[in-house]
Every structure is written in C-alpha cells, then in structure tokens.
Amino acid sequence: MPGTLGGADMARGHLLRDAFGDAAPAETRRTGIAILGGGIAGLAAAWTLAEAGYRDFRLLELEDRSGGNARSGRNVISAYPLGAHYLPIPNAEAVGVRHLLDRLGIITGWQGGKPVFDPYQLVGDPDERLLRLGRWQEGLVPTLALAKGERDEIQGFFAAMADFAAARGTDGRPAFAIPMELSSRDPALLALDAQSWTGWLDAHGYTGAELRSHIRYVCRDEYGTEPGEVSAWTGIHYFAGRRGDAVGDGDAVLTWPGGTGHLADAMASRVGSHVDTGHVVGRVRRRGDGVHVDALDAVRRRRVRIDADAAIIAMPRFVAAHVVEGWEGSADGFCYAPWIVANVSVNRLPAGPGAALAWDNVSATSNSLGYVVATHQGLASVGGASVLTWYLPLSEMAPAKARALMQARPLADWQRVVHDDLMAMNPDLDGAISRIDVWRWGHAMVRPVPGFMWGAARQAAARFAPPLFAAHSDLSGISIFEEAHYRGTLAAEAAMRHVGFAHRSLLVA
C-alpha cells in the first residue's frame, strides 16, 4: 500500500537530550521579544504582538512548518488534517478567539452583540453519524433500539450536564468556562478535580453501557485518555464548558478541509516574516534584565544565540523543562497522550446502511474514533475521490509504552490496522483505498488526570516569572485551540507590559 510514516521531527526533538555545551555561538541575533515554539500558542502570541503594532520579535520553531498539532497536509485530492480538525463556536468569554475569527472574516457581522458566522465555514449537514447495531444513525449519541431505562438515563445525564452549563459558582463566575481560567473557583466545584470521572459517574448512577460507551468516546476524542484516568471536573467540563454564542446554532462547529490547519496557516501568513523554522532551541537563560536563547539552526547546521528583552516559552512543558534554565522538574505532574492519525485516499466515498455519509463518522464497536471526510465542506470532490482522516488515541496502554510502540511498528503494520478498521465500518470501501499516510503524535496532548486541573503543578507552571512568560495549552490542562490561543495571547500581552509597550488587550471585550 503506498503511503508515508510521518510525525513530529523526533531526530530534531531528541537533540534536546544532548547538552548544547558552552561553545561560542557562530552568530548572535538581537530581538525585543523571542517566541519559542510555533504551535497555536506561539502563533497567537505573534499575532497579538503584530495586532498591537509591536514589530521587534522573532518566533523560533523546531519543525519546518509552524502550527503544532493543528497542522494540515495536502495531496492531489484535498487538504486534510494532521491533528485537530474543527473549532467549536466560541463562548462569549473567549474574546481573543472571537477577535481572531472576526479579523479572518470567519465572523461576517454582529447582531445584538452576537457574531454571525460565514455559513460556508460552519460544518455542513449531515455532520455526524454513528454505526451501531449494523446501521448508521444520525448523531453520535446512541438513539436506535434503546430500552426505556437506557433512554431515560441518557436524557437524565444530559439534563444534569445542562444544569452544570447554566450554573455559576458562589463567586459569580460560570461553573465551567472556556478559557478554563475564567471558570468558578467555588470549592465545591474544584473538589470535582480530585475525583475520577468514572468514580463520579458511578456515584451518580450513570452506569449504563450505552451512555458509558458515548462518554468513553468523548474522553478519548477530547483528551486522548480513558474516562477512569481523567478528573470529574474535566469530564463535566466537556459537556458543560461549551456554550457557543452566535446568531443561529451555537452548537455548530467550524471546519475546513485541512481542519484547524486553516487557522494556523492564516495566523502564520500574518507574521511569516518574523518566523524562523528549523530552529532547535537548546537552552534559555536569564541574563541581567533579559534572556539568552541558544539554538541550532538545523538548516544551516550552526549555533545561534538570540539576545532578547523577554521570551515567551510556547513549548510543551516537557520540552520547556529540558531547555529553560531553572525549570528542571517543572514538568512533574504533566503527562501526555499519544495519537495516530491516518489520512486515507479513496477513489469513491463510503456509504453504508442507514443515515447518509456525514462529516464525522464513528463506529460504536471500534477502538478508533472513526473518520472525518476532508472533502465534506467542498462543493465537489475530484471524480468522487476523497481523503478520510482516521483517528486513534493509544489510550489503552501507558503513554510511554504507546510511544515505544509508535516508534517500533512499521508503516505496513499501521496501514493494516487502519485498513481493517475502515473495512469493518465500511465494507463498501473494498478496493477503493489507494494510499494510507500515517502520522504519529508521541505527545499529542496533555492528559488531565485527577488532581491536575486545579493542582499545584499546573497552577505553578502557569504563573509568569518575567522576563520569561509561559504560553501553551498544557498550562490549561486541556489541549484545545481556544486554550492554546488564550495562553499565547495572555503571555504576549504580559511580555509587552514588561518591555513597556502600550497596547489594547485582545482579551477584553
């Protein structure tokens, strides 16, 4: 089977395991603010500086392309996601994201204080379907052939989650918000973080197999982690934290053929002249009132030093702990979920009994998360061809063991796993698959295990220590676009205050 086995550049990344030493750099550069890491947090920081009119900054990215796990790929058929594939309609409190979407023309206007979204960028119908009992049904929550008790339990669960979504803590804040930093600090709510999601469900009598199957899908889709290994606060947050604010359907999502790569590319194009890709940051040290950043220019194979007044550390915490002097051990308590993403080229679209092909297609009996159709948003596909983006979090084994498996298993074996799973969902695809490209994310997203969201490790990591300003979705405990964007924007504004540059906050309506 034709295809490629790709992923984050492990060879460059593992250079961080070797000390850079004290040899003099071949070149010294000067900048006001250095941004280290070009995922969504780093791009958001760069965008925020550019919006404020601050020009004296450089962004260093290890890969040859920025975007982090929001990156996309492309072949002769279509663009396709390599990671994240959609953005929900943002909450009213997600002011920074709404500003970005407005500036990109994704928000086309405002009515009564609510945004109007470009309908061509909202997911088209049908949006979701579930394969269960041999037939496809609309939506991902089981509905077909349920016993009355199962139906009542599912309805009761979603009613309870709606109550949490409407609730406010004793401090007046929303019980669950996005960005999560704006959530209530009510002790009764924070106490949910100490309990496992499975434990909470057991205690409240939500034990039915159909509901639990859906909840497992949600946890693995959002956190790459099994329900018993995330906290109850995090589990409830998924259902209660999203309150999309828009004219029309606030529960809709925004999506593009390349997933959130569309947003990453748009942000990068705005700040591209400030971005240095192929730079491996090996050491960050405070020096006097500023920062020294030692990096390897992997393209020219030479060491460079960047002297800056401030540095925004937009790296995953496990990387930052290796390179920032004084941050050794600062990743204690942070753990990460490994994922496999496969982009499958087909010469005809899948079908199946029951509900018609949707954008997101999931099987109730598969260990994968199913597939999204890259060409779903297009007006036409190339001769009926399409790309199916297939997702598998390796959540059933310890993360370190899963990462070892990722590196050891050859392309043909991964292709066989993907092929067999798709055949089980859509036997009509027999003979239609022309290639399978596999992408490995060893540290795709931080895992919000019990005690992490409101524990000391995460909260300490999120505090700024000028002239260093941390910025990454890790610091929120939830690896979603809105959190990465918030952390990057927040850090950029703090860095501008530090260097004395006046600006208007993008986080205030």
Side-chain angles (χ1 to χ4, degrees), residues 128-167 175-176 180 183 186-243 251 335 337 354 360-370 391-399 424-425 445 447-455 477-478:
E128 295 172 331
R129 67 173 182 168
L130 175 69
L131 179 62
R132 180 173 164 272
L133 304 177
R135 290 183 63 82
W136 292 97
Q137 63 148 74
E138 293 184 4
L140 298 183
V141 180
T143 57
L144 297 176
L146 293 176
K148 184 179 184 303
E150 293 172 327
R151 185 175 292 106
D152 290 346
E153 181 184 35
I154 290 172
Q155 290 175 350
F157 172 80
F158 280 99
M161 295 301 104
D163 289 342
F164 276 119
F176 298 89
M180 59 79 64
S183 300
D186 190 316
L189 292 167
L190 299 192
L192 293 166
D193 188 45
Q195 186 177 14
S196 79
W197 187 209
T198 298
W200 188 92
L201 293 167
D202 288 343
H204 288 79
Y206 297 119
T207 57
E210 299 292 350
L211 176 60
R212 285 296 185 96
S213 176
H214 177 69
I215 288 172
R216 180 175 185 251
Y217 164 81
V218 162
C219 284
R220 297 174 73 234
D221 184 58
E222 189 80 351
Y223 312 122
T225 305
E226 298 290 331
E229 297 178 312
V230 304
S231 76
W233 190 95
T234 312
I236 295 170
H237 183 274
Y238 173 85
F239 294 98
R242 298 197 187 283
R243 302 180 310 282
D251 292 331
C335 57
D360 192 6
N361 305 267
V362 177
S363 169
T365 57
S366 172
N367 203 40
S368 78
L369 301 179
Y391 292 90
L392 176 67
L394 299 178
S395 58
E396 292 189 302
M397 61 184 78
M425 282 190 277
M445 52 176 60
R447 300 172 74 236
V449 297
F452 180 72
M453 293 297 296
W454 296 104
I478 305 174

Look up atom [atom1] in [X] and atom [atom2] in [Y], then write down how far apart they are to the nearest 0.5 Å.
X: T143; Y: E210; atom1: OG1; atom2: CD; value: 10.0 Å
X: D163; Y: F158; atom1: CG; atom2: CZ; value: 13.5 Å
X: W454; Y: M180; atom1: CH2; atom2: CE; value: 4.0 Å
X: L131; Y: N361; atom1: CG; atom2: CG; value: 9.5 Å
X: H237; Y: E222; atom1: NE2; atom2: CD; value: 8.5 Å
X: S363; Y: M425; atom1: OG; atom2: CE; value: 6.0 Å

Side chain to side chain, [X] and [Y], heavy atoms closer than 4.5 Å:
X: I236; Y: M161; value: yes
X: S183; Y: W233; value: yes
X: R212; Y: T198; value: yes
X: D221; Y: Y391; value: no
X: I154; Y: R151; value: no

Tell me the closest heavy-atom pair linking [X] and [Y], and the distance in Å.
X: M445; Y: Y223; answer: SD-C, 3.1 Å
X: P448; Y: G477; answer: CB-O, 3.4 Å
X: H214; Y: P142; answer: CB-CD, 4.2 Å
X: L130; Y: L140; answer: CD2-O, 3.6 Å
X: S196; Y: P450; answer: CA-CG, 4.0 Å
X: S213; Y: A364; answer: OG-O, 4.2 Å

Using atom types as modelled and distance alone, determine if a side-chain donor or acceptor of [X] lies under 3.5 Å from a backbone N or O of [Y].
X: Y217; Y: V362; result: no
X: D193; Y: M453; result: yes
X: E153; Y: G208; result: yes
X: R220; Y: P393; result: yes
X: R132; Y: Q137; result: no

Exercise. Any chance the side chains of S366 and S368 put a donor and an acceptor closer than 3.5 Å?
Worked result: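 Yes, S368 and S366 have a side-chain donor paired with an acceptor closer than 3.5 Å.
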
In terms of the angle between their ring planes, are [X] and [Y] parallel, tilted or perpendicular, with boundaries placed at 30° and 60°?
X: F157; Y: W197; value: tilted
X: W200; Y: Y206; value: parallel
X: F164; Y: F176; value: perpendicular

For this session: Return the set of residues passing salt bridge (charged side-chain N to carboxylate O under 4.0 Å, His left out) with R216 (not counting sequence neighbours), or none when no residue passes.
Result: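 Checked R216 against salt bridge (charged side-chain N to carboxylate O under 4.0 Å, His left out); matches are E226, E396.
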
Problem set entry | side chain to side chain contact (heavy atoms under 4.5 Å, CB included) partner of L201, the single match among I215, L211, T207 |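 It is I215, the one option of I215, L211, T207 that forms the side chain to side chain contact (heavy atoms under 4.5 Å, CB included) with L201.
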
